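Working notes for the structure below.
Lettering follows sequence order; numbering is per chain, from 1. Bear in mind the structure is a predicted one, so any value in this text is a computation, not a measurement.
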Amino acid sequence: MRLTLPLNTLKARVAVGEGALVIGIIIIALIGVAALRTLGETVTRELAGLTRMADVTNGLVVALFDELRAGEQYLTDQSSAARDAFQSAGEESYEHQGQLRAFAELTEADRLLIARIGQLQADVEVWYSLAHAQVDLGRRSAAVATATAVRGRAEELLNLVQDFSAAQRSRTEAIARSLEQTSAERRLLVWTVLAASILAGVAVGVATLRSVERPLTRLETAARRFAEGDLRPVTLGKMPEELQALGDAMARVSTKLRSLVADVVSEGERIASTATDLSAISEQLAATAGEISTAMIDISGGAEQQVKELEQSTAAIDELRMAAEQSGAMADRVAALGDEIHRLAARYQEDVAAAGNALLELGEVVQTSSGQVEELDKLSEAVYDFVELIKRISSQTNLLALNAAIEAARAGEGGLGFAIVAEEVQQLADSSAQAAEEITQTLQSVRTQVTDVSGTMASGRSKVRGVETIAQGAARALEEIVRAIKEVELAARRVREEAARNLEAAERIKGEIASASTAAQAHASSSGQVSAAAEQQGASTEEMAAQTSQLTEAAEHLRSLVKGFRL
Amino acid sequence: MRMASRFLISLACVSALSLGACISRDEPILIGLAGPFSQPRGASMQHAAELAVTEINQRGGVRGRPFVLVIRDDSAAADVAVGVARDLYDTPGLVAVIGHLSSGASIAAAPIYNSGPDPVVTISPSASSPQLSGAGSYTFRVCPDDLVHGRRLAEWAWTQLGARSAAVIFENDEYGRGVRSAFSQSFTAFGGSVASEDPYVPAIPSFEPYLQRLARRGGVDALVIAGTTGGAERIVDTADSLGLGYRVLGSDGVAGLEAAPVNADGVFIAAAYLPDRRGSRNEAFLTAYQQVHGDELPDHRGAGAYDIVHLLAQAIEAVGTNRSEIRDYLAGVGTSTPAFEGVTGTIAFDENGDVPNKDVIIGVVRNRRLVTAAGQ
């Protein structure tokens with residue numbers, strides 16, 4: 001059942017399936033109409049021929065009887081009326097024989113029979129004419145003897161005419177049988193075409209459903225795997241163009257997500273380690289600040305020691321500045337990484353959106369297809385009307401046949417042949433009505449099929465919606481990643497700011513320590529200032545430590561987010 | 001099959017040229033001949049047809065092939081004729097039929113010759129019933145129909161014999177009834193009265209009651225016999241024995257009465273052909289005929305059959321032995337091809353296969369010979 005036609009799209013498949021059904025139904029309609037028409041014409045023609053032949057035969061029988069009766073009558077009563085009747089009936093009888101000979105459908109046996117009838121009639125006529133002449137001459141007994149001599153042939157003549165009538169009756173039956181056979185053949189033809197078109201329609205329908213259902217199931221499985229975080233490559237196989245676009249989009253999304261998640265994971269790791277480093281430096285800074293603070297308190301205690309301590313303090317401050325600078329550089333790197341992740345995520349978001357659009361299109365296609373299926377349903381409605389017409393025609397034919405039967409009955413013996421035909425016509429009309437009923441049932445089953453197809457299409461639509469939801473979930477996850485990255489950036493910026501402020505503070509301390517060392521002894525108040533600055537720096541360092549721990553938290557969050565993906 | 005055998009035959013011809021023998025040239029052309037040859041009226045038809053075939057074969061046949069007659073006796077009976085027609089129709093290699101002689105047989109057989117896959121031409125020398133007109137496109141005849149005969153007899157009785165009353169005794173078949181109607185209509189139209197119309201069949205026990213009744217009712221000026229030789233013989237004999245002195249006229253079917261052992265002198269007979277017809281063509285025919293059959297003279301059936309054989313030879317020479325092509329050729333004789341000049345006169349067919357331009361002449365029996373009557 002592989003079709004070689006270009007059936008790559010669902011539209012094409014549905015169109016071909018519907019087309020096959022509609023064409024089949026149209027062909028059935030045409031064949032049905034043609035069959036009924038030719039059958040009607042044949043019946044009319046055969047009936048006309050039979051009726052004419054029956055008329056002529058009846059005429060012949062009546063004329064022969066009249067002639068014989070008049071011939072006998074003249075023997076007892078020499079009236080000119082009897083003589084005229086004898087002659088005119090004889091002529092009429094020959095005329096009927098001539099008309100009979102003109103019928104092309106006569107068999108050779110019929111022709112022999114007619115020839116024999118003509119000869120017997122000629123003999124009988126001659127004998128009666130002779131007997132009439134004898135009666136006219138007053139030779140009554142001779143006349144009776146002549147008439148008696150021909151009675152055997154007269155009887156044979158009447159028997160032959162009756163034989164001919166019987167032969168006609170059997171011909172009528174043969175014609176009726178052949179008409180019945182013709183009608184049966186036509187019916188078989190209509191059924192065959194109907195069955196073939198239903199098979200074709202069902203086959204294309206099944207193929208279409210399969211071509212939709214199988215890829216949809218594969219897509220669904222793939223989407224479910226994505227949803228579960230399994231981003232390993234999937235093989236979707238061949239599918240209709242509309243679904244192929246979706247499948248391609250999913251494959252692209254999976255590839256890009258895979259590389260994105262891999263980037264995010266590695267960048268996350270690096271951020272985490274940077275944060276750990278930052279945290280260590282901050283602790284170091286805090287320790288140094290503590291030392292400064294202690295040193296300042298010592299400074300305010302003793303001047304001599306103060307110089308020495310100040311020198312130490314300058315060294316510590318230098319160390320502090322260096323650490324702050326390092327921390328700023330690290331924060332810069334974190335910010336740059338965040339930017340990179342942000343850009344990647346934004347681009348993949350577009351791909352996911354494109355995949356969503358492809359799904360929407362697919363939904364529309366399925367919608368259109370079910371519209372077309374409903375259209376098909378309406379078409380079969382029209383065929384119902386046509387079948388109704390056939391039913392009406394056959395009931396009218398039935399009525400006509402009944403009338404004909406009544407007319408035939410009224411005609412008596414002569415209408416016997418015609419009555420059989422009328423009965424056959426009635427049976428034919430019944431068969432037509434029955435055939436129409438059977439077509440109605442078949443159409444009902446076609447409509448059931450159509451309803452099934454639209455049900456399957458609706459389920460296809462809901463499956464598409466499922467895939468859509470999953471894609472939206474992926475989009476949301478991406479958005480969340482973007483938000484998390486923004487948090488990381490924010491945290492990094494704050495770390496950088498705090499580091500800058502630390503640096504500034506350290507420079508200021510350094511300057512103030514320098515001025516303190518030149519005028520150490522007299523500047524007890526200055527050392528108070530330094531102490532305050534050192535405390536401020538301590539607070540700033542704590543702030544930085546807090547920010548660093550926030551950065552660590554963000555990095556952890558990011559790591560937990562990407563941990564669910566299998567790459 | 002037939003093509004293949006012809007091809008083989010031509011091959012055989014080529015290979016046998018040196019020996020001067022060729023199968024296909026010897027293969028005969030079959031022509032059917034149907035009529036009541038067991039009865040006296042059929043004799044002349046058979047003799048003349050055989051004479052014509054002999055003449056044709058002596059001059060080398062047609063297209064190098066000899067004519068052979070397939071002779072079938074129909075007893076002039078309709079039912080026998082149907083069987084004969086079927087037999088001839090189905091005879092392989094038969095291309096045309098001459099016949100049937102009588103109207104009844106021709107009418108009964110016509111549907112068979114005209115139907116089926118390969119209809120065959122029939123040309124009757126003497127079937128004169130008007131009912132044969134239009135019996136089919138393959139049905140032809142070379143004699144005038146009964147209407148012409150009946151009219152001519154009525155005209156002769158009224159004008160030449162001065163008859164004012166007439167009686168008809170007719171043979172009860174298509175032919176006899178046809179002539180009877182035609183005569184009675186024409187004679188009545190002239191102003192004459194028809195006293196009686198009595199039928200007979202060859203098996204009739206006696207004509208005496210008819211003739212006696214006629215005499216009892218005052219007699220008539222003319223007694224018309226619309227029938228055939230056998231019946232006419234008995235009627236003339238009976239009338240003679242009853243002493244009835246009516247002028248007797250007979251239709252062409254009566255021809256042959258002149259040779260019958262009865263006193264038929266003075267009986268008028270209508271005929272499409274009489275042996276004393278003038279013209280070198282007829283003289284040659286008579287000479288040839290009498291060379292074979294002595295004193296016997298051909299009648300209109302014989303002369304017609306003789307013309308038909310020569311006409312068929314001309315047709316087959318022109319178009320070959322295909323049945324339908326022969327028919328088409330014959331249908332055009334007198335229109336698309338020139339009329340055929342035969343011993344019975346000019347033959348030109350109309351659309352019914354009849355010869356409307358042929359006239360009927362009146363013969364009279366003189367010394368056991370039928371000669372052209374004076375006054376025409």
For the pair Leu130(A) and Tyr200(B), evaluate side chain to side chain contact (heavy atoms under 4.5 Å, CB included) and give the outcome as yes or no after the intermediate values. CA-CA 9 Å; Leu130(A) 204 57; Tyr200(B) 80 90; over 6 Å; no
Tell me, for [X] versus chain A, whether the close heavy atoms (under 4.5 Å) come from the side chain, the backbone, both or neither.
| X | result |
| --- | --- |
| Glu171(B) | neither |
| Ile112(B) | side chain |
| Ala77(B) | both |
| Ser206(B) | backbone |
| Ala203(B) | both |

Closest heavy-atom pair and its distance - Ala133(A), Arg213(B):
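Of all heavy-atom pairs spanning Ala133(A) and Arg213(B), the closest is CA-NH1, 3.3 Å.
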Gln119(A) to Ala78(B) - nearest heavy-atom pair and separation:
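Closest heavy-atom pair between Gln119(A) and Ala78(B): NE2-N, 3.0 Å.
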[X] [atom1] to [Y] [atom2] distance, which is reported to the nearest 0.5 Å:
| X | Y | atom1 | atom2 | answer |
| --- | --- | --- | --- | --- |
| Asp79(B) | Ile114(A) | CG | CD1 | 12.0 Å |
| Arg111(A) | Arg86(B) | CZ | CZ | 10.0 Å |
| Trp127(A) | Asn172(B) | CH2 | CG | 11.0 Å |
| Glu91(A) | Ser181(B) | CD | OG | 6.5 Å |
| Ser129(A) | Ile204(B) | OG | CD1 | 8.0 Å |

* To do: Specify which of Ala108(B), Pro205(B), Ala81(B) makes the most heavy-atom pairs with chain A at under 4.5 Å.
  =>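 Most pairs with chain A among the choices: Pro205(B).
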Among Gln212(B), Arg216(B), Arg217(B), the one residue meeting side-chain hydrogen bond (donor to acceptor under 3.5 Å, both in side chains) with Asp136(A)
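Exactly one pass, corresponding to Arg217(B).
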Exercise. Of the listed residues (Glu108(A), Arg101(A), Gln87(A)), which shares the most heavy-atom pairs with chain B below a 4.5 Å separation?
Worked result: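 Heavy-atom pairs under 4.5 Å are most numerous for Glu108(A).
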